[in-house]
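Here is the structure we will look at.
Read the numbers this way: they start at 1 and go in the same order the structure lists the ligands and their atoms. These figures come from a predicted structure and were not determined experimentally. Side chains included, hydrogens not; waters and symmetry mates left out as well; all remaining heavy atoms used.
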Amino acid sequence: MSDDDKRLAAEAAVEEVRDGMLVGLGTGSTAAHAITAIGRRAAEGLRIRAVATSLASAEQARGLGIEVLDFASVAAVDLTIDGADEIDRHLLAVKGAGGAMLREKAVAAASARMIVIADGSKRVERIGSAKLPVEVLPFARASVLARLGALFDSVERRDGGDYRTDNGNLVADCTGWRGADPQALAVMLQAIPAVVGHGLFLDEVDAAYIAANGVVTRLERGDASG
Ligand code: 5RP
């Protein structure tokens, strides 16, 4: 994993930001590089407004002079740039190591285009090795964890149960999908009422910029065959 590669991927993606756009700002160390690059372009005169997928990203962006709107009042976003924990050639991704997957998915779903940025360590043949974060309503903790236990080999409450998302919910980090394919797993997770979000991004990602050893590769949805 290289911070230079994260920055290169982020800067390549930020080239897609155009004057007048409403931009979705992702969360995490790679997205932070994108916010820095957008801030730099804004300081040079690019007129953009933004929505943020986490309180931390909103704070970083405002600190750079970027206007950050309340997403509650935004119907559509032009372009979102965000990190990922795993991404494959079909642009299926796992997100949420930073705990922001619910807001990230809401912003991605409202976006005309969503770009993942990552260093080469995130590129995988097939998603499913990284921990899959599941956001859980604390009210229903025990019953949801029991149901997740039937779907995964291991279910760990993040920070021993002390972790809370920006939405006030807890996160279960789940490993070992027991052979479920991602689409089937997403359906099963969504069928648990007090699961309020999860890190499977199966339809949202339109493109990815992945940097490895200083070389940036762009993947577009539909490019991969087979
Ligand atoms: C946060 C995320 C992040 O985008 C993802 O975890 C990648 O983070 P990083 O760029 O720090 O490796 O999904 O919820």
Side-chain angles (χ1 to χ4, degrees), residues 1-14 23-39 50-61 71 77 79-88 91-111 113-124 127-136 156-159 163-175 182 186 189 195-213 216-217 219:
M1 178 194 316
S2 142
D3 198 55
D4 275 347
D5 282 338
K6 291 181 181 193
R7 184 178 48 75
L8 284 174
E11 290 176 352
V14 167
V23 181
L25 305 175
T27 294
S29 56
T30 318
H33 283 300
I35 297 168
T36 300
I38 291 169
V51 292
T53 55
S54 63
L55 302 179
S57 293
E59 188 180 339
Q60 183 195 355
F71 184 60
V77 174
L79 170 68
T80 287
I81 302 175
D82 201 351
D85 304 312
E86 284 187 327
I87 182 145
D88 73 13
L91 302 182
L92 306 183
V94 171
K95 290 181 47 53
M101 57 280 177
L102 179 55
R103 293 188 184 205
E104 289 171 334
K105 196 174 289 181
V107 171
S111 300
R113 181 167 167 84
M114 193 275 193
I115 301 175
V116 157
I117 48 176
D119 68 84
S121 69
K122 309 293 184 61
R123 190 168 180 175
V124 294
I127 59 168
S129 299
K131 289 181 177 175
L132 177 66
V134 178
E135 184 160 345
V136 178
E156 282 171 38
R157 278 192 282 159
R158 191 171 291 186
D159 292 346
Y163 182 86
R164 289 293 177 274
T165 66
D166 286 350
N167 313 308
N169 297 314
L170 59 87
V171 170
D173 287 309
C174 303
T175 41
L189 290 171
V195 164
V196 292
H198 58 76
L200 283 172
F201 281 56
L202 306 179
D203 302 310
E204 290 81 4
V205 183
D206 297 298
Y209 286 81
I210 300 171
N213 302 318
V216 181
T217 303
L219 308 176

key: Nearest atoms (heavy-atom pairs only) where C174 meets V134   = SG-CG2, 3.8 Å
ask   = What do you reckon, does G26 put a non-hydrogen atom under 4.0 Å from ligand 1?
value = no
remark   = ligand 1 atoms nearer than 4.0 angstrom to some heavy atom of G99 are 14 (O)
key: Under the side chain to side chain contact (heavy atoms under 4.5 Å, CB included) test, residues paired with S129 that sit two or more places apart   = E86
inquiry  = Using 0.5 Å steps for rounding, measure from the CZ atom of R103 to the OG1 atom of T165.
reply    = 7.5 Å
inquiry  = Once you restrict to heavy atoms under 4.0 Å, what part of A84 touches ligand 1? Side chain, backbone, both or neither.
reply    = backbone
query = What about G96: any of its N or O atoms under 3.5 Å from an N or O on ligand 1?
reply = yes
ask   = Which heavy-atom pair separates T80 from S111 by the least distance, and what is that distance?
value = OG1-OG, 2.7 Å
query = Got a second to check how far F201's CZ is from M101's CE, nearest 0.5 Å?
reply = 9.0 Å
key: Interatomic distance, E204 atom CD to R113 atom CZ [nearest 0.5 angstrom]   = 15.0 Å
request  = Using a strict 4.0 Å threshold on nitrogen-to-oxygen distance, state whether K6 and D3 make a salt bridge.
outcome  = no
inquiry  = Tell me whether A31 has any N or O atom under 3.5 angstrom from an N or O of ligand 1.
reply    = no
ask   = In terms of atom number and element, which parts of ligand 1 are under 4.0 angstrom from non-hydrogen atoms of T27?
value = 1 (C), 2 (C), 3 (C), 4 (O)
query = Considering only heavy atoms, does T53 approach ligand 1 within less than 4.0 Å through its side chain, its backbone, both, or neither?
reply = neither
Ligand-residue contact atoms, ligand 1 with K6, heavy atoms, under 4.0 Å = 12 (O)
Numbering as shown, the atoms of ligand 1 that approach A97 to under 4.0 Å (heavy-atom distance) = 6 (O)
key: Residue from L8, D4, D5 passing side-chain contact (heavy atoms from CB on, under 4.5 Å) with D119   = D5
remark   = Near D82 (heavy-atom distance under 4.0 Å), the atoms of ligand 1 are 4 (O)
T30: numbered ligand 1 atoms lying under 4.0 Å from its heavy atoms = 9 (P), 10 (O)
ask   = G83 heavy atoms, cut-off 4.0 Å: which ligand 1 atoms fall inside?
value = 4 (O)
message = Give the atom numbers and elements of ligand 1 that come within less than 4.0 Å of a heavy atom of S29.
response = 9 (P), 10 (O), 11 (O), 12 (O)
task = Give the single entry among E104, K105, M101, K122 that approaches atom 1 (C) of ligand 1 most closely by any heavy atom.
result = E104
key: OG on S57 to CD on E104, rounded to 0.5 Å   = 8.0 Å
